[in-house]
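Because the structure is predicted, anything quoted here is derived from the model rather than measured.
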Amino acid sequence: QRMTDIAVRLLDELERVSALGDTSVTRAEKRRLLSTARTCAAVLAEQMRGSAFRNTALERPFGAEDGEAAIRLADGTTLQGQIDRVDAWSRDDGDHALEYLRVIDYKRGGKALKLAEAYHGLSFQLPVYLASAMRRDHGDSAGVYYFPLTEGICETQRGDAAEVEK
C-alpha cells in the first residue's frame with residue numbers, strides 16, 4: 001500500500017505539471033504505471049525477505065568525488081554515473097570478515113545482460129557499476145543484475161478483481 005500511495009502522489013504531481021491533461025490515454029497510462037509500481041514493490045519486498053543481502057545504497061553517484069576509489073581510464077578520464085542499487089552480504093568466519101556486493105540496475109525495457117557482450121567490452125555498464133561499488137566499499141563481487149520494471153503476468157482468466165490481485 002505504501003508504494004501505491006507514493007506512486008499516486010508522484011503521478012498526480014506529474015499530471016499537474018504536464019501538458020498532457022486528463023485524457024483517456026493518460027488515465028490508462030496512470031493505471032498501468034500504478035500496476036507496475038505495485039508489482040515491482042511486491043517482488044522487491046519478497047526478494048529482500050528471502051535474502052541475506054541488505055540494501056546499502058540507492059541511486060549512488062560515482063565519479064571524481066570518489067577520490068582514490070574513482071575509476072580512471074589510461075588517458076585520465078574519470079568514469080561517472082549513477083548506480084540504481086547496491087546490496088551487501090557480510091560474513092565473518094572469525095579470522096576475517098568478507099563483504100560481497102551486488103549491483104542492481106532497474107530497466108523499463110527488455111534489456112538482458114549478455115555475458116559475451118560484457119566480456120568483449122560491448123556492454124560494460126553493469127561491470128563498471130560493480131567495479132565502482134567494489135572500490136568504494138572494499139567488497140567482493142556477488143554479481144550484477146538487471147531488474148525489469150514490468151507489470152508482470154496475470155495467471156488467471158477470472159474477472160473477479162480480488163482474484164486477479166492475488
With heavy-atom distances below 4.5 Å as the criterion, would you say the side chains of Gln80 and Pro61 are in contact?
no

Looking at residues at least two apart in the chain, or sitting in another chain, which of them share a ring-ring contact (aromatic ring centres under 6.0 Å, His included) with Phe124?
none

In one Ile/Leu/Val/Met/Phe/Trp/Tyr side-chain cluster, 4.5 Å: Leu33, Val25:
no

Do Tyr106 and Arg85 pair up side chain to side chain, a donor and an acceptor below 3.5 Å, judged on atom types alone?
yes

Single-linkage hydrophobic cluster, 4.5 Å side-chain cutoff, Ile71 and Leu101 together
yes

Measuring from atom CG of Asp87 to atom OH of Tyr145, what distance do you get when rounded to the nearest 0.5 angstrom?
10.0 Å

side-chain hydrogen bond (donor to acceptor under 3.5 Å, both in side chains) involving Ser24 - partner list, sequence neighbours excluded:
none

Holding to salt bridge (Lys or Arg N to Asp or Glu O under 4.0 Å), I want the full list of residues that pass it with Asp137, two or more places apart in sequence or in another chain.
Arg60

Partner of Glu99 by salt bridge (charged side-chain N to carboxylate O under 4.0 Å, His left out), out of Arg136, Arg91, Arg54
Arg54

Do Tyr100 and Val144 land in one hydrophobic cluster if side-chain heavy atoms of ILVMFWY residues count as linked below 4.5 Å?
no

Taking all atoms of both residues into account, what is the closest heavy-atom pair of Tyr129 and Asp105, and its distance?
CE2-OD1, 3.9 Å

Please say yes or no: joined through hydrophobic side-chain contacts below 4.5 Å, possibly via intermediate residues, are Phe53 and Val86 part of one cluster?
no

Between Tyr146 (side chain only) and Lys107 (backbone N and O only), is there a donor and an acceptor less than 3.5 Å apart?
no

Of all heavy-atom pairs between Ala69 and Arg135, which one has the smallest distance, and what is that distance?
O-NE, 3.0 Å

Close side-chain approach of Leu79 to Leu73, heavy-atom, < 4.5 Å
yes

Checking side-chain contact (heavy atoms from CB on, under 4.5 Å) against Ile83, which of Ile104, Val103, Leu126 comes through?
Val103

Scanning both residues in full, the closest heavy-atom pair of Ala70 with Ala64 reads CB-CA, 4.4 Å

For Leu98 and Asp140, what are the C-alpha separation, side-chain angles and deciding distance, and is it a side-chain contact (heavy atoms from CB on, under 4.5 Å)?
CA-CA 8 Å; Leu98 298 171; Asp140 292 317; 4.3 Å; yes

Above 12 or not: heavy atoms from other molecules or residues under 6.0 Å from CD of Glu65?
yes

Working for side-chain contact (heavy atoms from CB on, under 4.5 Å), residues Ser51 and Glu46:
CA-CA 9 Å; Ser51 175; Glu46 184 64 28; over 6 Å; no

